[in-house]
**Q** 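First, the structure itself, so that you have it in front of you.
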Amino acid sequence: MLTLTRHAGDLSCVRAMRTLASGLCAALLLFTATAVQAEDGYALWLRYAAPDAGAAGPSATRVTQLVVAGSPGVPSATREELQRGLAGLQGGAPANGDAVTRAGALLVGTPAASPQIARLGLDLDGLGGEGYRIRSAVVDGHATTVVAANEDIGALYGAFHLLRLLQTGQPLDGLDIREAPRLAVRMLNHWDNLDRYVERGYAGQSIWDWHRLPGWLDPRYTDYARANASIGINGTVLNNVNANADVLTPMYLDKVAAIAGVMRPYGIKVYLSARFSAPMEIGGLDTADPADADVQRWWRTKADEVYALIPDFGGFLVKANSEGQPGPQDYGRSHADGANMLADAVAPHGGIVMWRAFVYSDEEPVDRAKQAYNEFVPLDGTFHDNVLVQVKNGPIDFQPREPFHPLFGGMPKTPLMMEFQITKEYLGFSTHLAYKAPLYEEVLDADTHVQGPGSTVARVIDGSLDGHALTGIAGVANIGSDRNWSGSHFDQANWYAFGRLAWNSDLSSRDIAVEWTRMTFSNDPAVVEPVVGMMMASREAVVDYTGALGLHHVMGRGHHYGPGPWVEGGPRADWTSVYFHRADGNGIGFDRTRRGSDAVSQYAAPVAEVFDDVTRTPEEFLLWFHHVPWSHPMRSGRPLWDELVLRYDRGVETVRGMRETWAGLDGRIDAGRHAQVAAFLAIQQDEAQWWRDASIAYFQSISGRPLPAGVAPPPHPLEHYKALEFPHAPGDTQ
Ligand code: GCW
């Protein structure tokens, strides 16, 4: 469906038509109607839109014939996707064939399924099952684009790569591409409850419609699988890590099996979060002690039952002895005892266990940033072969900026899996535009120095540093039942970028933003450049207006919505803001140096030395590692207090600029998506201002310092901000 864009010219024309009933004007109006489609975001980056009028559109190359070798299952999914994509991009699907018979063909498959591919003798060594080659070749005398892989799933990934080339306007000649993923397990973690409530979800209900499953398979499941396969995601944990044991009952396992059936042709394995006490809750046992023979037998039998229904079931994700969840420590056993017991149950079936390291004890008085390391490092080397320890990117909890988690590099004998958060619990929920790829990139590129320079976090998790074959990465999903999947159009980019970096951690966040923008909005440089500019500035803006220079955990209590630097008291100190920022009349910041909590010593010596030294610590981590006076001189020459205040202002200013840039794109982007983004940016600007005002009001009440010259005072007294309440803010724990 075509809609008219609301150019000023169109409106004046409408006015003129009313008064003059001018036929000429009507013709002009039709003529100037641009091909901006009415869109709601459901298609994600798989819009396969025909070339934009007047812009450098998708590739001019036309595929004349489509040959996808192979039988049902993955090859059918590949064929359907290519047909759909080419039909959209070329304005009509090419002829299907069993073999290449004309120039301009696209040949996709494995040497085993296609004699024509086999005859080309392409070198597919080292690509594994998921890798692929894309080659311009001559097949039986016809110029052909070939997508070849060792296994069908590689061919599907190659097909998506080819579609990406076409969508982003790249020609199909002279191609010689070789791709294989760096990590074995690339997955989403849904924090979705069985009643469809999504913990830290801001995009509606869970997409898993448990009540209607297995009878009703929402077509959305297939589109979910397509979207994930397009970025190389090959696993999904369906339920919340704060798990309900019911998901392991026969009734729910039937539903899980139905979802697995939809995922299978797209190379996506289904996993479940397992509640450690399930043997008691649904198994009738009176203990969940991992050393107990009945408990071990229960899990083995349960694994057998799961695999009988879902032969390619991926395995279990476990949050144990963390934030009130049951676990092996309830019985005096270790995390390794618990993980290994479950690992043994799934091992005969080829399953894995992902055991989370997000732990901090109720009783420990130690700096929370240190606790996971303290608990897990002594267990290094004791986990069974099919266990991955899943570690959040930073030592606290998905803050807008954190230093990398010291466990990366601290457990060389254990494969560590990265856990990023795609949903924006601490970065403005779904209404703030914050492109998270620069955050992911910063962490992956961080150098642990454990084996000298170049020992990056990326090399820890891809196994190359310590020689692990079992490797993985997880992203806490931002997907829900909202029509646009992620709650906001721009949050789709975080899902997209997570998948792309999971496939290849060397990709740059900017290149990913360009790719995504071209596929999601337009190839028009007048759109791509400003949109990418907004995206690339956005995460730093959030850091600035929520608390820069290493401040962390300063948000509202419980729901985590909005500012709350004054939060204190309550059940535990390390759930308060004052615990983390430690502001007093003299200064601010958490002293994690050797003279303080000594968290710095959990890093390798060269890193520890930098973080321990206030003059060498990067300013973005200053208050993470140091308690410094308000007058501390910053590199800008300003005292810390002034710098902090100016950062708050800078954050608000960046959002104002983003809003202006977006307003300038009116008419170049379909009206529906443009309007929603514009409205969300207005919300973001108001809320950035609120964060800034409330934070300055609070910290000024502690520092007692005047605002730098020209800086506007907060419009309300501190008490106003403290009194605001948000009882039904979304996503809070239930
Ligand atoms: O980020 C915090 C969240 C909790 C979450 C927990 C975790 C699933 O506030 O909602 O629980 O981390 O990662 O386990």
Side-chain angles (χ1 to χ4, degrees), residues 187-203 206 237-245 247 271-276 316-327 329 335 338 354-362 368-369 371-372 375-376 388-402 405 407 416-430 434 436 439 443 473-480 494 498 546 552-562 564 567 570-572 574-577 579-580 726 729-734:
M187 61 158 48
L188 294 183
N189 288 180
H190 288 268
W191 285 356
D192 295 15
N193 294 347
L194 300 182
D195 62 1
R196 301 191 74 178
Y197 180 82
V198 182
E199 183 159 339
R200 310 309 177 185
Y202 314 102
S206 169
V237 181
L238 302 179
N239 62 319
N240 192 352
V241 288
N242 289 332
N244 188 317
V247 80
Y271 299 74
L272 291 175
S273 293
R275 185 163 163 89
F276 201 77
F316 294 123
L317 170 65
V318 186
K319 171 176 178 177
N321 294 120
S322 161
E323 300 186 329
Q325 295 298 312
Q329 292 177 344
H335 284 290
M354 294 153 296
W355 194 269
R356 296 178 85 228
F358 178 67
V359 297
Y360 55 99
S361 143
D362 315 18
R368 181 171 143 187
Q371 295 190 26
E375 276 198 50
F376 275 81
L388 283 150
V389 171
Q390 183 168 312
V391 183
K392 288 188 183 183
N393 59 273
I396 297 296
D397 190 12
F398 300 137
Q399 297 301 294
R401 172 168 279 128
E402 296 194 28
H405 201 302
L407 275 174
L416 300 187
M417 187 164 169
M418 172 64 74
E419 180 177 315
F420 282 130
Q421 199 178 45
I422 306 174
T423 189
K424 304 207 314 296
E425 176 179 358
Y426 299 101
L427 288 92
F429 294 7
S430 62
K436 293 186 82 176
L439 184 163
V443 176
I473 187 165
V476 179
N478 64 353
I479 296 163
N494 292 328
F498 167 77
T546 61
H552 52 288
H553 207 292
V554 284
M555 66 290 158
R557 194 200 294 270
H559 48 60
H560 300 168
Y561 173 62
V567 168
R572 41 187 306 163
D574 55 6
W575 282 356
T576 68
S577 302
Y579 172 88
F580 290 101
F726 306 96
D732 203 353
T733 47
Q734 273 189 326

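In each ligand, atom 1 is the first atom listed, and ligand 1 is the first ligand listed. Reckoned from all heavy atoms, side chains included, excluding hydrogens, waters and symmetry mates.
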**Q** Measure Tyr426 to ligand 1 on non-hydrogen atoms and call it side chain, backbone, both or neither using the 4.0 Å cut-off.
**A**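 Within the 4.0 Å criterion, Tyr426 contacts ligand 1 through side-chain atoms alone.
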**Q** Does Ser273 use its side chain to pair, donor to acceptor, with the backbone of Ala243 at less than 3.5 Å?
**A**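 Answer holds: no.
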**Q** Taking only heavy atoms of His560 into account, list the atoms of ligand 1 that are under 4.0 Å away from them.
**A**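 Answer for ligand 1: 9 (O).
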**Q** Does any N/O atom on Lys392 come nearer than 3.5 Å to any N/O atom on ligand 1?
**A**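 Right, the criterion is met.
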**Q** Going by the atom numbers of ligand 1, which of them fall below 4.0 Å from some non-hydrogen atom of Arg200?
**A**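 Checking each atom against Arg200, I get 3 (C), 4 (C), 9 (O), 10 (O).
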**Q** I want to check something: taking the side chain as every heavy atom from C-beta on, are Trp191 and Asn242 in contact at a cut-off of under 4.5 Å?
**A**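 Answer no - side chains too far apart.
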**Q** Main chain of Gln421, side chain of Lys436: is a donor-acceptor contact present, judged purely on distance under 3.5 Å?
**A**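 Pair found, side chain donor or acceptor close to backbone of Gln421.
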**Q** Would you mind running through ligand 1 and noting each atom that sits below 4.0 Å from a heavy atom of Val241?
**A**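 That gives atoms 8 (C) of ligand 1.
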**Q** Output yes when the distance from some N or O of ligand 1 to some N or O of Glu425 is under 3.5 Å, and no in every other case.
**A**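 N/O-N/O distance under 3.5 Å: yes.
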**Q** Find all atoms of ligand 1 within a distance of less than 4.0 Å from any non-hydrogen atom belonging to Phe358, and give their numbers and elements.
**A**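 Taking each heavy atom of Phe358 in turn, ligand 1 has 6 (C), 7 (C), 12 (O), 13 (O), 14 (O) under 4.0 Å.
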**Q** Which option out of Asn189, Val476, Asp732, Asn242 puts a heavy atom nearest to atom 8 (C) of ligand 1?
**A**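 Checking each option, the heavy atom nearest atom 8 (C) of ligand 1 is found in Asn242.
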**Q** Among Phe358, Phe276, Phe376, which one satisfies ring-ring contact (aromatic ring centres under 6.0 Å, His included) with His335?
**A**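 Considering Phe358, Phe276, Phe376, a ring-ring contact (aromatic ring centres under 6.0 Å, His included) with His335 is found only for Phe376.
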**Q** Does any N or O of ligand 1 fall below 3.5 Å from an N or O anywhere on Asp397, backbone included?
**A**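 Yes.
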**Q** Identify the protein heavy atom lying closest to atom 6 (C) of ligand 1, giving its residue, its atom name and the separation to 0.1 Å.
**A**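 That would be Glu323 OE1, 3.3 Å.
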**Q** Checking the side chain of Tyr579 only, and the main-chain atoms of Arg368 only, is there a donor and an acceptor separated by less than 3.5 Å?
**A**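 Present.
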**Q** What is the closest protein heavy atom to atom 14 (O) of ligand 1, and at what distance does it sit?
**A**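 Nearest neighbour among protein heavy atoms for atom 14 (O) of ligand 1, to 0.1 Å: Lys319 NZ, 2.6 Å.
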**Q** To check your reading of the model: name the closest protein heavy atom to atom 10 (O) of ligand 1, its residue, and the distance in Å.
**A**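 Looking only at protein heavy atoms, the one closest to atom 10 (O) of ligand 1 is Glu199 OE2, 2.4 Å.
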**Q** Tell me which part of Thr733 gets within contact of ligand 1: side chain, backbone, both or neither, using heavy atoms under 4.0 Å.
**A**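 Side chain only.
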**Q** Look up atom CD in Gln329 and atom OG in Ser322, then write down how far apart they are to the nearest 0.5 Å.
**A**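 Going from the CD atom of Gln329 to the OG atom of Ser322 covers 10.0 Å.
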**Q** May I ask you to check if ligand 1 and Gln421 share an N or O to N or O distance below 3.5 Å?
**A**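 N/O-N/O distance under 3.5 Å: no.
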**Q** Quick one: pull up NZ in Lys392 and CD in Glu402 and give me the separation to the nearest 0.5 Å.
**A**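 Reported value, rounded in 0.5 Å steps: 9.0 Å.
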**Q** I'd like to check whether Asn240 has a polar contact with ligand 1, where a contact means an N/O of the residue lying under 3.5 Å from an N/O of the ligand.
**A**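 Min N/O separation from ligand 1 is not below 3.5 Å for Asn240.
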**Q** What is the distance from atom CD1 of Ile422 to atom CG of Asn478, rounded to the nearest 0.5 Å?
**A**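 CG of Asn478 is found 6.0 Å from CD1 of Ile422.
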**Q** Going through the distances and angles, do Asn240 and Tyr197 end up as a side-chain hydrogen bond (donor to acceptor under 3.5 Å, both in side chains)?
**A** CA-CA 10 Å; Asn240 192 352; Tyr197 180 82; over 6 Å; no
**Q** Would Glu375 and Tyr360 count as having a side-chain donor-acceptor pair, cut-off 3.5 Å?
**A**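 Tyr360 and Glu375 do not have a side-chain donor-acceptor pair below 3.5 Å.
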